[in-house]
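In what follows, a single structure is set out as structure tokens and then discussed.
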Amino acid sequence: MSSFAGLPSIRWSLRGYDEEGNEAWLIRSIAGKLYRCPGCHGDIPIGTEHTVVQYVMRLGGTEHHHWHRQCAEEMLFPDLRELKRVPANASARSKLEARGRKPSGRRRR
Ligand SMILES: [Zn+2]
């Protein structure tokens with residue numbers, strides 16, 4: 001059982017780093033359309049609570065994927081380093097996209 005059970009939530013997102021040093025932000029979301037989970041390739045139906053994984057690349061740029069909560073927890077969490085809880089309002093998409101406009105060496109932490 002992960003110590004991050006139940007997260008991300010409305011109040012808390014998670015942030016960690018992948019093996020290449022890219023930031024990975026895990027954000028709770030509600031599906032506004034049908035998505036396909038990259039973990040299990042199953043559907044995430046409209047209206048489903050799920051986890052958005054937003055990467056902010058070390059060299060700049062962003063990309064995101066929609067995961068089932070459980071798939072993210074089982075397949076993604078174990079591969080992320082320094083995973084920690086951050087207030088959800090720190091993970092607004094506009095803020096993360098702004099972070100992605102600078103390489104990580106020039107970013108504030
Ligand atoms: Zn899945």
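None of these values were measured; they are calculated from a predicted model. The first residue of the sequence shown is numbered 1, and numbering continues consecutively from there. Indexing begins at 1, ligand by ligand and atom by atom, following the structure's order.
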Has the side chain of His68 got a donor or acceptor atom that lies under 3.5 Å from a matching backbone atom of Asp43? yes
Looking at Glu49 and Arg28, is there a salt bridge between them, counting it only when a charged N and a carboxylate O are closer than 4.0 Å? yes
Note, the Zn ion (ligand 1) has protein N, O or S atoms under 2.8 Å numbering 4
Got a salt bridge between Arg99 and Glu23, using NZ or NE/NH1/NH2 to carboxylate O under 4.0 Å? yes
Before we go on, tell me: are the rings of His50 and His66 under 6.0 Å apart, centre to centre? yes
Report yes or no: does Lys95 contribute a side-chain atom to a donor-acceptor pair with the main-chain N or O of Asn89 at less than 3.5 Å? yes
With sequence neighbours excluded, what pairs up with His64 under the side-chain hydrogen bond (donor to acceptor under 3.5 Å, both in side chains) test? none
